[in-house]
Amino acid sequence: MFTTFDRYLLKRYFHVFIIGFIATYGLYVVFDGFTNIDEFQAGLKEGDSSGGLLWLMAETYLYQSSVFFDMVSPILTVLAAVVVFSLMVRHGELNPVLSAGIPTYRLAIPLTIATVIVNCFIIANQELVIPSIADKVQAERGKMDTSAQFVEPVYDFSTRIMINGQELYLTEQRMVNAEFVLSKPTVHDFVTVKAPNAHYISGTDTRPGGWVLQDALPKYEDLDIAAFARKMILPGKNPNDIFIVTDVGCDQLCNRNSSSLISTPELIARINNPSFSDLSIRKQKLDLHSRLTRPFMNLIAVLMAIPFVLRKESRSQILNIAICSCVMGVIFAISQCFLYMGSANLLKPDQAAWFPVIANGTLAAWFSNRVQT
């Protein structure tokens, strides 16, 4: 059951967390805003005043706050716990609690619950908020509605079609100057189908997904392609259109190696998609397991901070915080080392993601006897 002191620690924890987020994001907004002020001004419509500029910047950074929260929340989770315990020592609140026979790790219960609550917000932000605003987040400053993305060429291994283009508009699901390289009956021979505009249509239970190439050249009846490709290359509703069946959509043609803007079900679908290469699938698996281990790593980092902030026979609280910071750096280095080995194919993706949890969890248990009692 929560006591008054538990609620006091929870209130202080969230106070530090919220103030820390506002301060860090405020600094980011000021720096990024002044750096990209010209782009914001270029994105204004004719006749807009300074109020329109402020509104455009506010809209942009409102969307960016979701990604920034996902990035800094693990750091602020540990920082808030360190500050809470440091303030307890500074204000002399720890000794009365220990004198009453309450163990130090009893104080970790409300902070553990607070960490779980923050992790729930992180998961909800990752799974619900960020995927719904992915196109807004990737837009250029000042061009929230019309921002174009560079197309990264993708080879669809399931259909053996190379997909390329000039620009990609995520909001409209449209690609400009699309190029699809198809296999011809002759071995090592190909034919390129070009279209000024191509729209992606998501698949349903009754029809597959794919690209509709408007005013495609050459026309469908003039295509000289392999027999197996005829199952994926279909005539469009209009005489000059061609429909190409593929699971490679807009989000996979830009920043395809980054999975931070998609939900976990979409990430799993990418892993099971036969259109991607083994290297890309390995990267996606590593991202999936890293996403699953992040809540555990956040909790372990908070528990690891306790014995270093509340050290036995400590001479200086500043020294304790400095040592705790070094330990957090070591934890981060261990995690990055394993992730690098996973990306370099030295370890399996699941091993690279879960070994840091085991190693850091063991260290947290090992150092638990150093806490002040």
Side-chain angles (χ1 to χ4, degrees), residues 9-10 12-17 19-21 23-24 69-91 93-95 97-98 102-119 122 286 289-343 347 351-373:
L9 293 180
L10 279 174
R12 179 178 286 179
Y13 178 92
F14 286 114
H15 176 80
V16 174
F17 185 92
I19 294 299
F21 176 77
T24 52
F69 177 81
D70 183 75
M71 180 176 60
V72 303
S73 289
I75 301 174
L76 292 178
T77 299
V78 181
L79 181 62
V82 171
V83 171
V84 167
F85 284 119
S86 299
L87 290 177
M88 286 182 61
V89 175
R90 178 182 177 85
H91 296 160
E93 298 169 343
L94 181 62
N95 291 331
V97 173
L98 297 180
I102 300 175
T104 306
Y105 273 100
R106 170 61 180 83
L107 303 176
I109 294 179
L111 297 191
T112 300
I113 294 175
T115 303
V116 172
I117 294 175
V118 172
N119 282 326
I122 295 175
L286 187 60
H289 286 284
S290 298
R291 185 176 295 186
L292 296 176
T293 58
R294 182 166 61 172
F296 298 102
M297 290 297 296
N298 293 342
L299 184 58
I300 289 173
V302 170
L303 296 177
M304 178 79 80
I306 298 176
F308 292 97
V309 177
L310 305 179
R311 278 197 313 141
K312 289 182 179 179
E313 302 176 358
S314 62
R315 298 182 179 180
S316 171
Q317 189 62 25
I318 296 178
L319 179 61
N320 291 349
I321 296 176
I323 295 175
C324 180
S325 301
C326 295
V327 172
M328 294 299 110
V330 172
I331 291 178
F332 178 78
I334 292 175
S335 301
Q336 292 301 310
C337 180
F338 277 105
L339 291 178
Y340 173 78
M341 288 190 291
S343 61
L347 290 175
Q351 294 175 342
W354 287 96
F355 276 177
V357 176
I358 299 173
N360 295 327
T362 303
L363 290 176
W366 178 270
F367 290 116
S368 62
N369 62 346
R370 296 176 178 269
V371 71
Q372 183 178 351
T373 57

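Atoms considered below: every heavy atom in the structure, side chains included; atoms not considered: hydrogens, waters and symmetry mates.
Across all their heavy atoms, Arg311 and Pro307 have their closest contact at CG-O, 3.0 Å. Residues Gly20 and Thr24 approach most closely at O-OG1, 2.8 Å, considering heavy atoms. Scanning both residues, Pro110 and Leu10, for their nearest heavy atoms gives O-CD2, 3.1 Å. Heavy-atom minimum distance, Val302 versus Ala81: CG1-CB, 3.8 Å.
With a 6.0 Å radius and a threshold of 12 heavy atoms from other residues, nucleotides or ligands, Phe367 has its CZ atom above the threshold.
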Item to check | Step-by-step side-chain contact (heavy atoms from CB on, under 4.5 Å) determination, Leu310 to Val89 | outcome: CA-CA 8 Å; Leu310 305 179; Val89 175; 3.4 Å; yes

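Between Leu94 and Leu107, the closest side-chain pair of non-hydrogen atoms falls below 4.5 Å. Proximity of Val82 to Met328: side-chain heavy atoms (C-beta onward) are nowhere separated by under 4.5 Å. Ser335 places a side-chain heavy atom less than 4.5 Å from the side chain of Asn360. Counting heavy atoms from C-beta outward, Phe14 and Ile117 have side chains that approach closer than 4.5 Å. Side-chain contact between Arg106 and Val97: absent, with no pair of heavy atoms (C-beta onward) separated by less than 4.5 Å. Counting heavy atoms from C-beta on, the side chains of Ser73 and Phe21 never come closer than 4.5 Å. Residues Asp70 and Arg294 meet the side-chain proximity criterion, which asks for heavy atoms closer than 4.5 Å.
To the nearest 0.5 Å, atom OG of residue Ser325 and atom CG of residue Asn320 are 10.5 Å apart. Distance check: Phe69 CZ to Ile122 CD1 gives 5.5 Å after rounding to the nearest 0.5 Å. The CD1 atom of Ile321 lies 12.5 Å from the CZ atom of Phe85; values are rounded to the nearest 0.5 Å. Note: Ile109 CD1 to Leu9 CG = 11.0 Å, rounded to the nearest 0.5 Å. To the nearest 0.5 Å, the span separating SG on Cys326 from CD1 on Ile331 amounts to 11.5 Å.
Applying the side-chain contact (heavy atoms from CB on, under 4.5 Å) test to Thr112 and every residue at least two apart in sequence or in another chain returns Ala108, Leu299, Leu303. Every salt bridge (charged side-chain N to carboxylate O under 4.0 Å, His left out) that Arg291 has, sequence neighbours left out, goes to Glu127. The ring pair (Phe, Tyr, Trp, His ring centres under 6.0 Å) check on Phe332 picks up nothing, with sequence neighbours excluded. Residues that satisfy the side-chain contact (heavy atoms from CB on, under 4.5 Å) test with Ser343, not counting sequence neighbours, are Leu286, Tyr340.
Counting only residues at least two apart or in different chains, side chain to side chain donor-acceptor pair (under 3.5 Å) contacts with residues 295-305 comprise Asn119-Asn298.
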When the side chains of residues 351-358 are checked against the rest of the protein, which donor-acceptor pairs come out under 3.5 Å, sequence neighbours left out?
residue	atom	partner	partner atom	Å
Gln351	OE1	Lys348	N	3.4
Trp354	NE1	His289	ND1	3.3

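Side chain of Tyr13 to backbone of Thr77: a donor-acceptor contact under 3.5 angstrom is found.
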